[in-house]
There are 2 protein chains.
Amino acid sequence: MLSYTEENYLKALLKLILDNTSNEAGTNELANSLLVKPATVNDMLKKLKEKDLVNYEKYGKITLTLEGQKHATEVLRKHRLWETFLYEVFEFSWDEVHEVAEQLEHIHSVKLIDQLDKFLNYPEFDPHGDPIPNKHGEIKVHFKKTLFDVEIGTTCKMVAVKDNSSSFLQYVVKVGLGLNNEIKVISKQDYDALLVIEVNGVESIVSQKFAENIFVLA
Amino acid sequence: MLSYTEENYLKALLKLILDNTSNEAGTNELANSLLVKPATVNDMLKKLKEKDLVNYEKYGKITLTLEGQKHATEVLRKHRLWETFLYEVFEFSWDEVHEVAEQLEHIHSVKLIDQLDKFLNYPEFDPHGDPIPNKHGEIKVHFKKTLFDVEIGTTCKMVAVKDNSSSFLQYVVKVGLGLNNEIKVISKQDYDALLVIEVNGVESIVSQKFAENIFVLA
DNA sequence: TATAAAAGTTAGGTTAATCTAACAAATTTA
DNA sequence: TAAATTTGTTAGATTAACCTAACTTTTATA
């Protein structure tokens, strides 16, 4: 059984690797993301290497072993499932979910996570629009796309919001938008970047700022 | 902010005190309930005393200060709310809830617990029939009573089951019983202790063994 | 009530996770 | 390419939570 701290190191490593696209990370980088000193990371790296969770040689780059990836992905899965739960069931706002999910992600219980997943109807994305690994550790690869990035004439699905202020949310409701709604982008003004969109057969005009705060799945 | 371990010491102390009815506990007793050695408890006691969470003098008995009670009650509240949640929402059985609740009780988030409480509609008892402290730390004092202890002629409410085996649960359903149902005890045979009860206007005969596995509120 | 048993304490040690300070290797840049 | 900068490592300390072994105090009992 991994400790709370070991799980955090693996998760941080996975996040760096997913962000970097480079598949490896360095000691300082990892120390920064965990808010600890490089010396501390160095110690932990030795321990994780001993347990065959990371590949790492003195002065070399750090990568996750298959086993390490498995653990890290599971923690990420739990984190994102809990975020979704807090957001959808317990009325947490977009910016409140992270802190509590950081704690909940370390609860050990297979049944708990299975039930959580089922209760949420096996969601694929969390409230930030990030993909939730499934039970087998598979992550839907995708580029985080906002409504502003969608090609004219195509239809997309709203999966999350970036801005969670009440003024923005009220605006979202006014436009007739909700999670998982289909949105068709009718046109875009070159001059001021206003978008004409269609939701449930109703056309609306929204600004670039608005469109950039809506995450969609193309 | 109290550590996971400190919270566990306070909770264990509160449970001993609630069970003892004596309002105080000893080092060995506490060590047994926490599965650690008395020497360890001694160290922690000094720390908790320093933080004004317990009253304790060398070779004396241990009690909780008001502040210590507050923390302990809050942990107990969280534990029992989570048990109720796991049982009612996530289909955990009576005997599976404890282990996971032991972990969940240490999650720090006022909003989380408020929402949990609200979601469960402010329950007063957990699946074991134990009272859940409310937001202000108030615990409904009650004696854990089974259906067998109920006086003849009176009506009570089923609040929990002790035995969670499927054979017992099937029997419970057959008798037409469910959580929060009203049960009237019609009569009791002196000879073999069989009980005649009435649920929703229907009479049934149940054994002493059955009745002792149903927790009720008189 | 003296002594044996139980309960509680102390001293000294371990492990996990952290730190600082000094040093070493690798990389960048002038 | 040599010097400067960045990156990574080591050694030695610290803190929380635990331990064992030896000791002391309290309580129970012969």
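Below, chains carry the letters A, B, ... as their sequence lines are ordered, and counting in each starts from 1. The structure presented is a predicted model; accordingly, all values stated were derived computationally and were not measured.
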[X] versus [Y]: any side-chain heavy-atom pair under 4.5 Å?
X	Y	value
B/I62	B/L48	no
A/E6	A/K51	yes
B/V89	B/L120	yes

Quick one: [X] [atom1] to [N] [atom2], roughly how many Å, whole number?
X	N	atom1	atom2	answer
A/E6	C/dT18	CD	P	11 Å
A/E7	C/dA16	CD	P	16 Å
A/K51	C/dA16	NZ	C1'	10 Å
B/D43	C/dT15	CG	P	17 Å
A/M44	D/dG8	CE	P	17 Å
B/L30	D/dC18	CG	P	11 Å
A/L34	C/dC19	CG	P	10 Å
B/E50	D/dA16	CD	P	12 Å

| said: Before we go on, tell me: are the rings of B/F215 and B/F125 under 6.0 Å apart, centre to centre? | reply: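 No, too far apart.
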| message | Short of 4.0 Å, heavy atom to strand atom, which residues of residues 11-19 of chain B count as contacting DNA chain D? | response |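 The answer is none.
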| task | Compute whether any side-chain donor of one residue and acceptor of the other, for B/N8 and B/H106, lie under 3.5 angstrom apart. | result |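 The answer is yes; a qualifying pair exists.
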| message | Any donor-acceptor pair under 3.5 Å linking the side-chain atoms of B/H128 with those of B/H98? | response |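 Judged by distance alone, the side chains do not pair up.
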| message | Taking any heavy-atom pair under 4.0 Å as a contact, classify A/Y9: base, sugar-phosphate, or nothing. | response |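 Counting heavy atoms under 4.0 Å across all strands, the contact made by A/Y9 is with sugar-phosphate only.
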| Under 6.0 Å from the six-membered ring centre of B/F92 and within 45° of its axis: does the NZ or CZ of A/K111 meet both? |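 Yes - A/K111 lies over the ring of B/F92, closer than 6.0 Å to its centre and within 45° of its axis.
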| Lys/Arg cation over aromatic B/F168: B/K162, 6.0 Å, 45° cone |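 B/K162 over B/F168 ring: no.
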| said: I'd like to compare against my own output: the B/S/- annotation of nucleotides 2-9 of chain C with a strict under-4.0 Å heavy-atom distance to protein. | reply: -----BSB
| Are the charged groups of A/K11 and A/E105 less than 4.0 angstrom apart, N to O? |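 Yes.
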